[in-house]
Student: 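Sharing a structure below in structure tokens format, with a few things to ask.
Quick note: residue numbers are just sequence positions, from 1. Indexing begins at 1, ligand by ligand and atom by atom, following the structure's order.
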Amino acid sequence: MSLAEQMDTVTDAAAGTVDRHATTQTFESTAPTTGAVVGVFPVHDEAAVGETVARARTAAEQWAALGWDGRKQRLSAYRGYLARRMHELADLVYRENGKPHADAILEITLAVDHLAWAAGHARKTLGLRKVASGMLAANHAAYLEYQPLGVIGVIGPWNYPVFTPMGSIAYALAAGNAVVFKPSEHTPAVGAWLAAAWRAAVPDVPDAFQVVTGNGSTGAALCRVPVDKLAFTGSAATGKKVMAACAETLTPVLMELGGKDAMIVDDDADVVAAADAAVWGAMSNGGQTCIGIERVYATSAVYDRFVAEVTAQVQKLRPGSDGEATYGPMTMSSQIDIVRRHVADAAAAGARVVTGGTDPDAVPAEGYVAPTVLLDVPEDSSAITEETFGPTLTITRVRDAEEALERANATSYGLAGAVFSASKDRAMDLARRMRSGMTSVNSVLTFASVPALPFGGVGESGFGRIHGEDGLKEFTRAKAITRQRVALPVNLMSFGRPEKAADALARVMGMVHGRHR
Ligand code: NDP
């Protein structure tokens with residue numbers, strides 16, 4: 001299918017939803033590279049969101065009734081559909097988000113891999129199993145299973161419009177739930193494409209995965225409707241609003257929020273590899289990556305070499321919209337002001353701006369930010385304390401890795417981070433003590449590509465986990481069952497128990513546990 005036909009499908013899909021909901025208000029999504037209109041989408045109001053969730057409730061029952069094998073087969077069909085149309089979807093991501101086609105392919109690849117893992121591991125992780133009954137219930141069999149919650153609302157950002165929401169969607173579906181997804185108003189076409197693809201690949205349960213489009217008010221409606229759990233990915237500020245709205249209906253929430261991730265470069269690190277990873281971690285996707293590297297703490301032993309290497313590598317980067325560009329424009333023009341403010345604050349506080357900065361000649365057009373490296377930034381500067389979400393990197397000289405860790409951890413966020421060191425034990429020790437949900441050693445962002453590993457933050461980076469077994473369990477409720485196998489002559493939980501039973505029990509407990517001091 002050509003991109004034009006595909007956009008027709010997307011627009012038809014969205015138009016179909018408009019008709020079904022009688023919503024009249026619409027909004028345009030535009031390409032950040034050219035300003036051209038990518039698509040026109042309905043603003044779903046609360047009534048329309050409610051109708052969509054009601055359809056999802058019916059679909060959730062059909063979906064759950066398919067069982068593990070039925071769901072796995074359909075999730076495989078969906079993943080196959082995405083894999084076969086990867087270039088078409090990547091073109092759409094490029095148009096709507098502005099990132100290079102190759103980066104979009106990488107993003108979709110990760111999403112497909114997570115879909116495969118979630119579908120393949122759902123039964124083993126969540127299915128009915130026996131657990132040990134323990135001493136007091138030795139005559140009972142004990143069972144545990146993780147049951148689907150029903151309908152999961154997913155609210156996602158625009159920076160990785162496929163990979164990020166799919167971290168919730170794939171795991172929620174694999175766990176047996178239906179999903180209603182509200183994409184960012186900056187990437188509704190990608191969201192609508194994903195839902196249209198579901199209907200094409202899984203025609204017998206089309207409403208198990210639906211999309212509602214609109215702005216923040218549509219997301220707020222999804223919180224109020226309510227759903228059985230709300231999986232939110234976005235900024236900490238919006239996350240707080242979502243939690244407050246969900247509190248009204250006691251709807252549980254999963255919060256995947258922003259970060260201010262740090263890299264530690266130790267004395268014995270491979271400096272060239274560390275610089276390469278820092279530049280990719282900070283600048284790829286225009287720095288608009290929740291787990292992007294925003295701060296580097298390099299020890300005195302390697303600082304000068306590291307700065308020289310990063311500076312040399314950054315000079316080879318070229319923001320732009322053609323096939324040769326290393327990263328695209330800022331997806332949201334309003335983000336440019338935040339990035340400029342952080343750079344200007346740092347410069348005013350005495351930081352050295354070694355590349356990029358706010359020089360308008362360093363970028364191909366308005367809407368782009370030049371790759372910017374800041375040295376000697378005071379620790380209380382906004383470039384250190386707030387999420388910048390642009391192609392910037394601060395590099396700070398520290399005495400040793402211990403000081404680096406202390407500074408890395410001195411943040412209200414705690415999403416991810418990286419450690420570069422040649423010593424496995426040293427690196428693992430630093431990684432384990434880093435206050436973050438994920439850390440990669442001698443690379444950046446790798447944990448996101450390992451489906452078995454949970455993904456999520458601490459502090460203002462949120463709570464709850466997507467990906468891996470924890471990600472599957474996140475969209476379930478644990479169900480405990482006991483079944484009496486044989487009746488004992490003495491039943492302690494009966495008014496008919498003999499008077500001496502409690503004394504006998506106390507004696508047994510004394511023999512079993514009383515010797516422990
Ligand atoms: P926002 O917080 O601005 O928006 C996130 C989503 O929430 C969007 O779909 C938005 O809709 C919606 N929304 C806005 N207001 C409300 C409301 N009152 N109630 C319900 N939903 C609402 O984040 P961005 O889209 O700007 O994304 C960037 C942020 O996401 C960064 O902080 C980044 O670090 C974080 N992020 C975290 C990830 C993680 O896994 N931890 C992964 C990727 C990004 P609309 O766009 O239509 O306003």
Student: Between His342 and Thr388, is there a side-chain donor-acceptor contact under 3.5 Å, judged purely by atom types and distance?
Tutor: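 Note: Thr388 and His342 side chains meet the donor-acceptor criterion.
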
Student: Less than 4.0 Å is my threshold; does some heavy atom of Trp158 fall inside it relative to ligand 1?
Tutor: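 True for this residue.
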
Student: Sequence neighbours excluded, which residues qualify as side chain to side chain contact (heavy atoms under 4.5 Å, CB included) partners of Ser436?
Tutor: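 Listed in chain order: Met434, Thr439.
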
Student: Minimum distance, heavy atoms only, to atom 31 (C) of ligand 1: which one of Lys240, Glu256, Glu387 is it?
Tutor: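 The option holding the nearest heavy atom is Glu387.
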
Student: Might you work through the side chain to side chain donor-acceptor pair (under 3.5 Å) test for Arg55 and Thr58, ending with a clear yes or no?
Tutor: CA-CA 5 Å; Arg55 275 199 307 281; Thr58 309; over 6 Å; no

Student: Between Val49 and Lys182, is there a side-chain heavy-atom distance shorter than 4.5 Å?
Tutor: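 Not touching, per the 4.5 Å side-chain cut-off.
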
Student: Not counting sequence neighbours, which residues clear side chain to side chain contact (heavy atoms under 4.5 Å, CB included) with Ser168? List them please.
Tutor: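 Checked Ser168 against side chain to side chain contact (heavy atoms under 4.5 Å, CB included); matches are Val154, Ala231, Leu254, Ile466, Phe475.
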
Student: I'd like the name of whichever of Phe163, Tyr413, Phe455 reaches closest to atom 40 (O) of ligand 1 through any heavy atom.
Tutor: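 Closest candidate by heavy-atom distance is Phe455.
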
Student: Is the shortest side-chain heavy-atom distance between Phe232 and Glu256 below 4.5 Å?
Tutor: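 Of all side-chain heavy-atom pairs linking Glu256 with Phe232, none is under 4.5 Å.
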
Student: Is it the case that the side chains of His101 and Asp91 hold a donor-acceptor pair, with the cut-off being a distance below 3.5 Å and no angle test?
Tutor: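 His101 and Asp91 do have a side-chain donor-acceptor pair below 3.5 Å.
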
Student: For atom 35 (C) of ligand 1, which of Ala221, Gly234, Pro157 has the closest heavy atom?
Tutor: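 Looking at heavy atoms only, the winner is Gly234.
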
Student: I'd like to check Arg295 versus Ile384 (side-chain heavy atoms, cut-off strictly below 4.5 Å). Are they in contact?
Tutor: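 In short, these two side chains touch, coming nearer than 4.5 Å.
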
Student: Heavy-atom distance to atom 33 (C) of ligand 1: which of Tyr160, Phe27, Phe389 wins?
Tutor: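 Comparing heavy atoms across Tyr160, Phe27, Phe389, the nearest one to atom 33 (C) of ligand 1 lies in Phe389.
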
Student: I'd like the name of whichever of Val242, Thr233, Thr238 reaches closest to atom 5 (C) of ligand 1 through any heavy atom.
Tutor: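 When every heavy atom of Val242, Thr233, Thr238 is considered, Thr233 comes closest to atom 5 (C) of ligand 1.
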
Student: Number the atoms of ligand 1 from 1 as they appear, then name those within less than 4.0 Å of a heavy atom of Asn159, with their elements.
Tutor: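 Here the atoms of ligand 1 in question are 43 (C), 44 (C).
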
Student: Would you indicate which of Gln335, Met332, Lys182 comes nearest to atom 11 (O) of ligand 1 when only heavy atoms are counted?
Tutor: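 Comparing heavy atoms across Gln335, Met332, Lys182, the nearest one to atom 11 (O) of ligand 1 lies in Lys182.
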
Student: Would you mind listing which atoms of ligand 1 come within a distance below 4.0 Å of any non-hydrogen atom of Glu185?
Tutor: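 Listed by number with element: 45 (P), 46 (O), 47 (O), 48 (O).
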
Student: Using a 4.0 Å cut-off to any heavy atom of Phe232, which atoms of ligand 1 qualify?
Tutor: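 Under 4.0 Å from Phe232, ligand 1 has these atoms: 2 (O), 5 (C), 6 (C), 7 (O).
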
Student: Is it the case that the side chains of Ser235 and Thr238 hold a donor-acceptor pair, with the cut-off being a distance below 3.5 Å and no angle test?
Tutor: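 There is such a pair (donor and acceptor under 3.5 Å, judged by atom type) between the side chains of Thr238 and Ser235.
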
Student: Going by heavy-atom distance to atom 42 (C) of ligand 1, choose the closest among Cys223, Ser461, Cys290.
Tutor: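 Selected option, by shortest heavy-atom distance: Cys290.
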
Student: Under a 4.0 angstrom heavy-atom cut-off, which atoms of ligand 1 come close to Leu415?
Tutor: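 Close to Leu415: 41 (N).
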
Student: Can Gly239 be said to touch ligand 1, with heavy atoms closer than 4.0 Å?
Tutor: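 Judged by the 4.0 Å heavy-atom criterion, Gly239 does not count as contacting ligand 1.
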
Student: Against heavy atoms of Gly214, which atoms of ligand 1 measure under 4.0 Å?
Tutor: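 Listed by number with element, the hits are 47 (O).
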
Student: Going by the angle between their ring planes, with limits at 30° and 60°, are Trp63 and Trp198 parallel, tilted or perpendicular?
Tutor: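 Taking Trp198 first and then Trp63, their aromatic rings stand perpendicular (interplane angle over 60°).
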
Student: What atoms in ligand 1 come closer than 4.0 Å to a heavy atom of Gly219?
Tutor: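 Listed by number with element, the hits are 19 (N), 20 (C), 21 (N).
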
Student: Please state which protein non-hydrogen atom is closest to atom 17 (C) of ligand 1 and give its distance, to 0.1 Å?
Tutor: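 Protein heavy atom with the smallest distance to atom 17 (C) of ligand 1: Gly216 O, 3.6 Å.
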
Student: Counting only heavy atoms, tell me which of Thr218, Ile466, Ile155, Val154 gets closest to atom 6 (C) of ligand 1.
Tutor: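 Considering heavy atoms of Thr218, Ile466, Ile155, Val154, the nearest to atom 6 (C) of ligand 1 sits in Ile155.
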
Student: What protein heavy atom lies closest to atom 46 (O) of ligand 1? Include the residue and the distance to one decimal.
Tutor: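 Closest protein heavy atom to atom 46 (O) of ligand 1: Ser184 OG, 3.0 Å.
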
Student: Output the list of atoms in ligand 1 that are nearer than 4.0 Å to some heavy atom of Gly156, sorted by atom number.
Tutor: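 Selected atoms, number and element: 6 (C), 8 (C), 9 (O).
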
Student: Please list the nearest protein heavy atom to atom 23 (O) of ligand 1 with its residue and the distance rounded to 0.1 Å.
Tutor: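 Looking at atom 23 (O) of ligand 1, the protein heavy atom closest to it is Ser235 N, 3.5 Å.
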
Student: Could you tell me which atoms of ligand 1, counted from 1 in the order shown, lie closer than 4.0 angstrom to a heavy atom of Ala220?
Tutor: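 Under 4.0 Å from Ala220, ligand 1 has these atoms: 19 (N), 20 (C).
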
Student: Looking at CG of Leu89 and CD of Glu107, how far apart are the two atoms once the value is rounded to the nearest 0.5 Å?
Tutor: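 Nearest 0.5 Å value for the CG-CD distance: 8.0 Å.
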
Student: Would you say Met243 has more than 12 foreign heavy atoms packed within less than 6.0 Å of its CE?
Tutor: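 No, not enclosed.
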
Student: Nearest 0.5 Å, what's the CG-CG distance between Asn97 and Asn285?
Tutor: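 Between Asn97 CG and Asn285 CG, I get 5.5 Å after rounding to 0.5 Å.
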
Student: Specify the protein heavy atom at minimum distance from atom 41 (N) of ligand 1: its residue, its atom name, and the distance to 0.1 Å.
Tutor: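 Protein heavy atom at minimum distance: Leu257 O, 2.7 Å.
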
